[in-house]
Amino acid sequence: QKEVEQNSGPLSVPEGAIASLNCTYSDRGSQSFFWYRQYSGKSPELIMFIYSNGDKEDGRFTAQLNKASQYVSLLIRDSQPSDSATYLCAVKGDSSASKIIFGSGTRLSIRP
Amino acid sequence: ETGVTQTPRHLVMGMTNKKSLKCEQHLGHNAMYWYKQSAKKPLELMFVYNFKEQTENNSVPSRFSPECPNSSHLFLHLHTLQPEDSALYLCASSQRTDTGELFFGEGSRLTVL
């Protein structure tokens with residue numbers, strides 16, 4: 001059983017629309033949740049993190065967490081071609097754990 | 001200097017060779033990580049070091065041998081690798097292991113012939 005699951009895509013969204021990326025995780029004790037963006041041929045870069053249930057907004061990005069449903073999502077408003085990348089969901093256990101588990105990523109394509 | 005620097009960026013080696021990957025971070029972080037990224041597979045955690053001490057070995061074969069002489073440097077020594085070990089090896093650092101916010105290097109692309 002995969003620990004962190006994401007739809008591999010590609011997810012195609014028109015420019016200016018909202019892109020919605022989803023992630024589920026299996027460890028109910030998970031405490032910290034991260035979204036990384038990885039452009040083709042580049043390394044992942046952190047764009048959002050969320051620790052508490054609810055929404056967290058940062059510019060055009062909103063992370064949503066529902067621990068009861070073991071579900072975390074990333075919304076990108078006013079999508080731009082520069083948002084085209086693979087988005088990796090990552091999950092961390094309790095504060096003492098050093099293991100950060102990644103999903104296999106969702107490839108997002110913003111079409112002009 | 002970029003935050004996390006990895007060398008070499010590309011490496012081709014035979015199965016009987018011995019080589020090393022190097023990672024250096026200039027962020028003042030205390031935790032360093034090795035991840036393996038293969039096509040269409042999730043990033044796979046290999047090793048974690050916190051204040052130079054290894055805290056995670058994710059059942060990695062002994063042909064991969066990590067070394068962390070200080071909090072700024074991390075090595076991955078490679079010997080008698082297999083073709084299936086060909087992948088992108090990513091080094092990352094974080095302030096501490098309990099923060100979870102990773103800063104990645106550009107990776108070392110390894111090809112084993």
Side-chain angles (χ1 to χ4, degrees), chain A residues 1-10 21-27 29-52 56 58 61 63 65 72 85-107, chain B residues 2-7 9-10 21 23 25 27 29-60 66 68 74 87-109:
Chain A
Q1 182 186 3
K2 288 185 181 178
E3 296 184 62
V4 180
E5 289 211 45
Q6 297 180 255
N7 188 319
S8 61
L21 303 160
N22 304 315
C23 171
T24 58
Y25 58 94
S26 59
D27 182 0
S30 299
Q31 296 291 323
S32 310
F33 307 85
F34 308 87
W35 284 100
Y36 287 81
R37 178 178 61 201
Q38 186 172 22
Y39 291 115
S40 180
K42 298 292 187 182
S43 59
E45 60 174 325
L46 180 68
I47 54 172
M48 288 286 289
F49 58 87
I50 186 166
Y51 302 143
S52 305
K56 179 182 177 183
D58 183 2
F61 298 97
L65 175 62
V72 58
T86 296
Y87 288 81
L88 307 175
C89 173
V91 174
K92 185 177 177 302
D94 62 37
S95 60
S96 64
S98 54
K99 226 173 179 177
I100 301 166
I101 307 300
F102 283 79
S104 52
T106 298
R107 189 154 60 91
Chain B
T2 56
V4 182
T5 305
Q6 289 187 242
T7 55
R9 294 292 309 279
H10 299 273
L21 306 181
C23 177
Q25 59 95 1
L27 300 169
H29 289 166
N30 298 301
M32 296 189 77
Y33 309 74
W34 279 116
Y35 277 88
K36 176 184 178 182
Q37 189 171 38
S38 305
K40 301 199 188 296
K41 294 174 75 173
L43 273 170
E44 183 181 339
L45 178 65
M46 300 177 72
F47 302 103
V48 181
Y49 280 82
N50 193 31
F51 292 94
K52 303 190 302 178
E53 299 300 318
Q54 189 179 112
T55 58
E56 287 281 348
N57 177 338
N58 200 26
S59 303
V60 181
C68 188
L74 184 64
L88 181 67
Y89 288 84
L90 289 162
C91 173
S93 71
S94 65
Q95 185 60 47
R96 303 178 307 275
T97 55
D98 61 346
T99 59
E101 298 154 39
L102 302 177
F103 292 78
F104 285 89
E106 290 298 317
S108 293
R109 172 71 61 187

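Residue numbers begin at 1 in each chain, while the letters A, B, ... track the order of the sequences. What's counted below: heavy atoms across the whole structure, side chains too, no hydrogens, waters or symmetry copies.
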Colleague: Would you mind telling me which of B/Thr97, B/Thr55, B/Asn58, B/Val48 makes a side-chain contact (heavy atoms from CB on, under 4.5 Å) with A/Lys99?
Modeller: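 The passing option is B/Asn58.
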Colleague: Measure distances from B/Glu44 to the heavy atoms of chain A and classify the residue's part below 4.5 Å as side chain, backbone, both or neither.
Modeller: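 Neither part.
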Colleague: By a 4.5 Å heavy-atom criterion (distance strictly below it), what part of B/Phe103 contacts chain A: side chain, backbone, both, or neither?
Modeller: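 No part of it gets close to chain A.
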Colleague: Measuring only between side-chain heavy atoms, which start at C-beta, is A/Leu88 closer than 4.5 Å to B/Pro42?
Modeller: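 The answer is no; the side chains never approach within 4.5 Å.
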Colleague: Is the side chain of A/Ser43 donor-acceptor paired with the backbone N or O of B/Gly105 at a distance under 3.5 Å, no angle test?
Modeller: yes
Colleague: Distance check, rounded to the nearest 0.5 Å: A/Ile100 atom CD1 versus B/Tyr33 atom OH?
Modeller: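 Answer rounded to 0.5 Å: 4.5 Å.
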Colleague: Atom CZ of A/Phe102 and atom OH of B/Tyr35: how far apart are they, to the nearest 0.5 Å?
Modeller: 5.0 Å
Colleague: Could you tell me which portion of B/Leu45 (side chain, backbone, both or neither) has an atom closer than 4.5 angstrom to a non-hydrogen atom of chain A?
Modeller: side chain
Colleague: Can a donor-acceptor pair be found, under 3.5 Å and without considering hydrogens, that links the side chain of A/Tyr36 to the backbone of B/Leu102?
Modeller: yes
Colleague: Do A/Phe34 and B/Glu101 pass the side chain to side chain contact (heavy atoms under 4.5 Å, CB included) test, and can you show the C-alpha distance, the side-chain angles, and the key distance before you say yes or no?
Modeller: CA-CA 8 Å; A/Phe34 308 87; B/Glu101 298 154 39; 3.7 Å; yes
Colleague: Does atom NZ of A/Lys56 have more than 12 heavy-atom neighbours from other groups under 6.0 Å away?
Modeller: yes
Colleague: Who among A/Gly103, A/Ser8, A/Ser32 has the most heavy-atom pairs with chain B under 4.5 Å?
Modeller: A/Gly103
